[in-house]
Participant: 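Handing you a structure now.
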There are 2 protein chains.
Amino acid sequence: MLMPTFAIRPAQARAPSCRSCPVRASALFGALDDETLDRVHGRIDTVRLQADALLYDAGATGSHVYTVRSGLVRLERITEAGDRRIVRLAGRGILVGPEALLRQPYGDDAVACTDVELCRIPRALLDDLGPDREPLARALMTRWQAALDDAARWNAEFGSGSSYWRVLQLLRHLVDLAPDGDPIWLPRREQIGMILGMTEETASRMISRLRREGAIEFAGPREARIDPERLEDLRRQAADE
Amino acid sequence: MLMPTFAIRPAQARAPSCRSCPVRASALFGALDDETLDRVHGRIDTVRLQADALLYDAGATGSHVYTVRSGLVRLERITEAGDRRIVRLAGRGILVGPEALLRQPYGDDAVACTDVELCRIPRALLDDLGPDREPLARALMTRWQAALDDAARWNAEFGSGSSYWRVLQLLRHLVDLAPDGDPIWLPRREQIGMILGMTEETASRMISRLRREGAIEFAGPREARIDPERLEDLRRQAADE
DNA sequence: CGAGCCGTTGAGGGGATTCAAGCTCAGTGG
DNA sequence: CCACTGAGCTTGAATCCCCTCAACGGCTCG
């Protein structure tokens, strides 16, 4: 069954400055010097999406890569059985849609989980860099490798164990993705199911249970606060059976 | 519980020739011209492993990448819950251990599924290429992207559905990985469980069922023949419920 | 205020796990 | 030669977890 994702025409604006970008150190162009950075800067737009807005469609051939400046983006795809699954989450600093650099169609739908701010980087920009391309190539490979490792970990951690355990794992991951102190993004129950491979009812039961157990507290629509120590306790407890 | 994987000291030999490599077109150095290729060739060794031999350990910092020339390699890692999971399979032409290029420790254990032949490429070789590095960088990125897409697909396809459905999916994947006409690698039942997130008993029941249904036929230890049409029939049938 | 979405909870059934026994087969040593 | 052993596979029976189907409540929005 298809989810009603709806696209919002992105409000685009020149990025304030790449030089003073808060994610510069960890960002794609972190390796470039100030001078090159200024040259690059004029061609990078800011894209703002509200929650549940579509960034791009699987199958579309885009000419842009994106870096998540703030917020959370999910990557979804449809299985051969016909149901939708979330295969990865991209938080601050993460590169989204690198396949565009290779002139390949996007492999997933990219959808905003929360309100999101992204840098939109044209593929052509990277080709134009000339001699400065080299440190960038290395930065790109590092991103790709990080994404690959993330996918593998996702696979291993979310792929086995009881539904209770998997929900615990997911919550910890969501804590890691949220800025320190901020409430986490709490997916809709159906979406938890799309991440962990369970039904929305089961997801609901597990979240309710964790609420009773004092590990999670709702903090608004799609938001929650986690008690990290409590969560760790419960994870240890569940791991020992 | 740990699997008894045992290491075999790889029999190393100079590769016959990169120029005439059967996987050259799809291989890492496919983009290089004959001349450069000959220069490169002297530094690439052939590694032969027998089934269940360890190629490298997760956490080890290696200085080599490998290309699968023949056979099948599995990538495993230990989850936080402490059980071992198989996160990806690498068949002919696939690059294994690219993180070594970034001087990062390997993220998974790499283990031979069948007898395997690999090209062992030193990290330093890529640094030494100089001006020829550029097409190579692109080839590398393409590999990384392919691996990422594979991991995401793995995630989506093996992460939901009944155990019967997931075993059907796995068998189709194994057919794709085997050379045309060759029998497929049939994992031990416990390993099917490590791939699909189920117990060995359940895996056994599903394989037995598919044998009764005429989709699979054993062809030796760890090997089997698949009837592709029958398999497709059963998949369609299972998809319609 | 009714409609629809989202979340929650219950009851029941079914599929997967657990626990267990038995089988085949290869390797080993008496 | 053959009993013995252990690993891998299969199958059965009982249990339990998760799914299915269903009803209901809170909430937002037209």
Side-chain angles (χ1 to χ4, degrees), chain A residues 1-6 50-52 81-85 113 158-171 185-213 216-224 238 241, chain B residues 1-6 50-52 81 83-85 113-114 158-171 185-213 215-224 237-238 241:
Chain A
M1 177 197 9
L2 295 180
M3 282 196 41
T5 51
F6 45 91
Q50 39 182 269
D52 294 324
D83 36 38
R84 184 172 286 262
R85 296 230 36 195
C113 296
F158 295 161
S160 54
S162 70
S163 56
Y164 179 64
W165 170 261
R166 299 207 307 280
V167 170
L168 282 170
Q169 291 295 96
L170 174 59
L171 288 183
W185 172 63
L186 186 64
R188 289 186 9 233
R189 304 304 172 265
E190 185 189 17
Q191 293 171 332
I192 295 180
M194 288 160 54
I195 294 173
L196 298 178
M198 61 181 69
T199 61
E200 52 180 337
E201 293 96 329
T202 300
S204 174
R205 281 180 237 271
M206 297 308 142
I207 294 292
S208 296
R209 171 174 172 188
L210 288 168
R211 205 152 67 95
R212 284 192 298 273
E213 292 175 332
I216 189 173
E217 185 184 30
F218 297 160
R222 304 299 97 78
E223 292 194 341
E241 256 80 352
Chain B
M1 176 197 8
L2 296 179
M3 278 195 44
T5 52
F6 46 92
Q50 38 180 270
D52 293 324
D83 36 38
R84 185 172 284 262
R85 296 231 33 196
C113 296
T114 61
F158 294 161
S160 55
S162 70
S163 55
Y164 179 64
W165 172 259
R166 300 207 306 282
V167 171
L168 282 170
Q169 290 295 97
L170 174 59
L171 288 183
W185 173 63
L186 185 65
R188 289 184 14 233
R189 305 304 173 265
E190 185 189 16
Q191 294 172 331
I192 295 180
M194 289 160 56
I195 295 173
L196 299 177
M198 62 182 66
T199 61
E200 53 178 337
E201 293 95 330
T202 301
S204 173
R205 281 182 237 271
M206 297 308 142
I207 294 293
S208 295
R209 172 174 172 189
L210 288 167
R211 206 152 67 96
R212 283 193 298 272
E213 291 174 334
I216 189 173
E217 185 183 31
F218 297 161
R222 305 297 98 79
E223 292 195 340
Q237 207 172 307
E241 259 82 349

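As a basis for the values below, the full set of heavy atoms in this structure was taken, side chains included, without hydrogen atoms, waters or symmetry mates. Quick note on labels: first sequence line is chain A, next is B, and so on, each numbered from 1.
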Participant: Nearest 0.5 angstrom please: B:Ile192 CD1 to B:Leu170 CG, how far?
Facilitator: 6.0 Å
Participant: Please state how far atom CD1 in B:Ile192 lies from atom C1' in C:dA16, giving the value in whole angstrom units.
Facilitator: 16 Å
Participant: May I have the distance from A:Phe218 (atom CZ) to C:dC6 (atom C1'), rounded to whole angstrom?
Facilitator: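 So the two atoms are 11 Å apart, to the nearest Å.
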Participant: Checking all strands, does A:Arg209 fall into the base, sugar-phosphate, or nothing category for heavy-atom contacts under 4.0 angstrom?
Facilitator: nothing
Participant: Looking for any heavy atom pair under 4.0 Å, which part of the strands does A:Glu201 touch: base, sugar-phosphate only, or nothing?
Facilitator: base
Participant: How far, in whole Å, is D:dC24 from C:dG13 if one measures between their C1' atoms?
Facilitator: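 Roughly 22 Å separates the two C1' atoms.
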Participant: What nucleotide, of D:dC18, C:dT8, D:dC9, holds the atom closest to the side chain of B:Arg189?
Facilitator: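 So the nucleotide nearest the side chain must be D:dC9.
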Participant: Which listed nucleotide (C:dT17, D:dT11, D:dC18) is nearest to the side chain of A:Ser162?
Facilitator: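 Between C:dT17, D:dT11, D:dC18, the one nearest the side chain of A:Ser162 would be D:dC18.
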Participant: Should B:Leu210 and B:Leu168 count as side-chain neighbours, where that means a heavy-atom distance under 4.5 Å?
Facilitator: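 They are in side-chain contact.
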Participant: Under 4.0 Å between a side-chain N/O of A:Thr202 and OP1 or OP2 of D:dC19, yes or no?
Facilitator: yes
Participant: Side chains of B:Ile207 and B:Arg189, heavy atoms from C-beta outward: is any pair under 4.5 Å?
Facilitator: yes
Participant: Find the distance B:Asp52:CG to D:dG8:C1' and express it as a whole number of Å.
Facilitator: 13 Å
Participant: Hey, does the side chain of B:Arg222 come within less than 4.0 Å of D:dC9's phosphate (OP1/OP2), counting only N and O?
Facilitator: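 Yes.
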Participant: Please give, in whole Å, the distance from C:dT18 P to B:Glu190 CD?
Facilitator: 13 Å
Participant: Contact class for A:Ser204 vs. all strands (heavy atom < 4.0 Å): base, sugar-phosphate, or nothing?
Facilitator: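 If one applies the 4.0 Å heavy-atom cut-off, A:Ser204 turns out to touch a base.
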Participant: Evaluate the side-chain proximity of B:Ser204 to B:Glu200: yes if any heavy-atom separation is below 4.5 Å, no if none is.
Facilitator: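 They are not in contact (no side-chain heavy atoms under 4.5 Å apart), so the answer is no.
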Participant: Is there side-chain contact between A:Ile216 and A:Leu186, with at least one heavy-atom pair below 4.5 Å?
Facilitator: yes
Participant: B:Thr199 side chain N/O closer than 4.0 Å to the phosphate oxygens (OP1, OP2) of C:dT17?
Facilitator: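 Checking B:Thr199 against C:dT17: at least one side-chain N or O falls below 4.0 Å of OP1 or OP2.
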Participant: B:Ser160 and side-chain contact (heavy atoms from CB on, under 4.5 Å): which single residue from A:Arg85, A:Met198, A:Met194 fits?
Facilitator: A:Arg85
Participant: Grab the CD1-P distance between A:Ile207 and C:dG7 for me, whole Å please.
Facilitator: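 Going from A:Ile207 (CD1) to C:dG7 (P), I get 10 Å.
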Participant: Return no unless some side-chain N or O of B:Ser163 is found under 4.0 Å from OP1 or OP2 of C:dA16.
Facilitator: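 Yes.
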Participant: Please determine if a side-chain N or O atom of A:Arg166 lies less than 4.0 Å away from the OP1 or OP2 oxygen of D:dC18.
Facilitator: no
Participant: Any donor-acceptor pair under 3.5 Å joining the side chain of A:Arg205 to the base of C:dG7?
Facilitator: no
Participant: Rounded to the Å, how far apart are B:Met198 CE and D:dC9 P?
Facilitator: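 It is 15 Å, rounded to the nearest whole Å.
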Participant: At under 4.0 Å between heavy atoms, what does A:Ser208 touch on the DNA or RNA strands: base, sugar-phosphate, or nothing?
Facilitator: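 Sugar-phosphate, backbone atoms only, no base.
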Participant: Could you tell me how far apart A:Glu200 (CD) and D:dA22 (C1') are, to the nearest whole angstrom?
Facilitator: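 Taking CD of A:Glu200 and C1' of D:dA22, I get 13 Å after rounding.
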Participant: May I have the distance from A:Leu196 (atom CG) to D:dC18 (atom P), rounded to whole angstrom?
Facilitator: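 So the two atoms are 12 Å apart, to the nearest Å.
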